[in-house]
S.K.: 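A single structure is presented below for examination.
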Amino acid sequence: MSETHAIRLRVNGEEVSRRVSPRQSLADFLRDDLGLTGTHLGCEHGVCGACTVRVDGGIMRSCLLLAVQLDGAEVETIEGLSESGAIADLQTAFHERNALQCGFCTAGMLITTAALLEANGAPSRAEIRDYLSGNYCRCTGYHAIVDAVEATARSRRQRQDR
Amino acid sequence: MLAGGQSLIPALAMRLSEPALLIDINGLAALQGIEWSGTHLRLGALVRHAELETSPLVRMHAPLLAMAAPHIAHPAIRNRGTLGGSLAFADPAAELPAVAVALDASIVLMGRGGTRRVGARGFFRGLYETSLQSDEIIAAVDIPPMEPESRVAFLELVRRRGDYAMAGLAATARIANGRIEAATLVYFGVGTAPVPAREAAQALVDGLPTARLQAAQAALDHDLDPPADQHGDAEVKRHLARVLLERAVTALGTQSS
């Protein structure tokens, strides 16, 4: 299959133009063509959540999108979110509470959590678990992750109140 | 046909499906949007599950859809998966086909020969089987208006949040003076397609909601013939269906609206 299509999109705020094979996933495009390997590929069929990115603001599975579909889209990966400093507090909380061990799921966890905290500044532990139910972690047993998310939400609220 | 792709792309990734040609319909503006026409709620086939959760029009005119949507998979899937895709795929344990049947929705099919409407009850034929012809796509779904006295309940039993249901129930009822005047019960995850439980629904009518529960639960034995699956055998499924019915009757009876 040698057919390729031109796509132009913004990735982490930068304009990107490439030719892609119609069968290439967004995840493979980000990792292999753009070298953005912070997006991890676990199950490659939408179950594990490791490849979660933001497309036009909403979180989506990059393994379940084809790169060719992203012409004109705005994509944000963990690299962009991390470098902007927007989730520095969340990353610190994950670190402090051992909410990661091997780190494979962490990018997806952080992106999903960032979306949760934008939509709901004071989630209960049940709501956190609910929102993260599509992101698998095989190391932590999830408690530490829920702790980190809860702590971040609390400290963001305290900062706002001041 | 590629809509949200949240079932199709995994099928391609696992080589369960190997189409020679894939047509992405996401760019078709005519298949998008949610509108109240005055006589029905029209939902474009490309309406995402996340829109069903948040749309004020859906909440007002089809609250059962808004109640069902958060049960579909996970937020990242709901941002992409579509109503039309879910109906066309017709997974027997999926939420939206059962809701479409419970709400007596009309499914608007578009093909080379024009447009036709099919009632949701006739649309689902069997396991992953619908009345869609090979040259047709779902264009939209029309939901009739809610009656003022009607109430709805949506319940499902899952092992983990976001999984396909072991068993689920979409219910509507017209209630006056604490009595059920009419009820529709549609189960999912207990058959090859959405399963209307007509005898159980009839047994609920004309009685105090809780008093008729046992009769309705017994009637489920006639309504349901669940095949065994990875979640359990037929008797497990029947038990879950009875549990769901009890919870649904409670939910219908205690709703304030």
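Both backbone and side-chain heavy atoms feed into the values below; hydrogens, waters and symmetry mates do not.
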S.K.: Can you find a pair of side-chain heavy atoms, one from Leu64(A) and one from Arg80(B), that are under 4.5 Å apart?
M.R.: no

S.K.: Does atom CD (Glu14(A)) have a neighbourhood of more than 12 heavy atoms from anything else shown, all under 6.0 Å?
M.R.: no

S.K.: Is the count of non-hydrogen atoms from other residues, nucleotides or ligands lying under 6.0 Å from Glu35(B) atom CD greater than 12?
M.R.: no

S.K.: With a cut-off of 3.5 Å and sequence neighbours excluded, list every side-chain donor-acceptor pair involving residues 98-105 of chain A.
M.R.:
none

S.K.: Less than 4.5 Å apart, any side-chain heavy atom of Met60(A) and any of Arg78(B)?
M.R.: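 Contact flag for Met60(A)/Arg78(B) side chains = no.
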
S.K.: What pair of heavy atoms forms the shortest contact from Asp24(B) to Gln69(A), and how long is it?
M.R.: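 What the structure gives for the nearest pair is OD2-NE2, 3.1 Å.
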
S.K.: Surrounding NE2 of His239(B) (heavy atoms of other residues, nucleotides or ligands, distance under 6.0 Å), is the total greater than 12?
M.R.: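 For His239(B), atom NE2 is not crowded (no more than 12 foreign heavy atoms under 6.0 Å).
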
S.K.: Counting only heavy atoms closer than 4.5 Å, note whether Cys43(A) contacts chain B via side chain, backbone, both or neither.
M.R.: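 Neither part.
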
S.K.: What residue, out of Ile111(A), Leu65(A), Asn135(A), Thr112(A), has the most heavy-atom pairs lying under 4.5 Å from chain B?
M.R.: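 Greatest number of close heavy-atom pairs with chain B: Leu65(A).
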
S.K.: Below 4.5 Å, heavy atoms only, C-beta onward: do Leu22(B) and Leu66(A) meet side chain to side chain?
M.R.: yes

S.K.: Check this for me: Arg159(A), atom CZ, are more than 12 non-hydrogen atoms of other residues, nucleotides or ligands nearer than 6.0 Å?
M.R.: yes

S.K.: For chain A, which residues from residues 81-97 of chain B have at least one heavy atom closer than 4.5 Å to it?
M.R.: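 Expected list: none.
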
S.K.: Enumerate by number any residue of residues 12-19 of chain B whose heavy atoms lie under 4.5 Å from heavy atoms of chain A; in the absence of such residues, state 'none'.
M.R.: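 Only Ala13(B), Met14(B), Arg15(B) of residues 12-19 of chain B have a heavy atom under 4.5 Å from chain A.
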
S.K.: Between Leu116(A) and chain B, which part of the residue has a heavy atom less than 4.5 Å away: side chain, backbone, both or neither?
M.R.: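 No part of it gets close to chain B.
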
S.K.: Measure distances from Asn79(B) to the heavy atoms of chain A and classify the residue's part below 4.5 Å as side chain, backbone, both or neither.
M.R.: both

S.K.: Could you check whether atom CZ of Arg8(A) has more than 12 heavy atoms from other residues, nucleotides or ligands sitting under 6.0 Å from it?
M.R.: no

S.K.: Taking all atoms of both residues into account, what is the closest heavy-atom pair of Thr52(A) and Ala76(B), and its distance?
M.R.: CG2-CB, 4.4 Å

S.K.: Taking atom CZ of Arg161(B) and atom OH of Tyr131(A), what is their separation to the nearest 0.5 Å?
M.R.: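 Going from CZ on Arg161(B) over to OH on Tyr131(A), the span is 12.5 Å.
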
S.K.: First locate atom CZ of Arg23(A), then atom CD1 of Ile9(B), and finally report the distance between them rounded to the nearest 0.5 Å.
M.R.: 11.0 Å

S.K.: My understanding is that only residues two or more places apart in sequence, or in another chain, count here; which of them pass side-chain contact (heavy atoms from CB on, under 4.5 Å) with Glu129(B)?
M.R.: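 side-chain contact (heavy atoms from CB on, under 4.5 Å) list for Glu129(B), sorted by chain: Arg125(B).
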
S.K.: Ile59(A) and Pro75(B): which non-hydrogen atoms are nearest, and at how many Å?
M.R.: CD1-CB, 4.0 Å

S.K.: Between the side chain of His45(A) and the main-chain N/O of Pro10(B), is any donor-acceptor distance below 3.5 Å?
M.R.: no

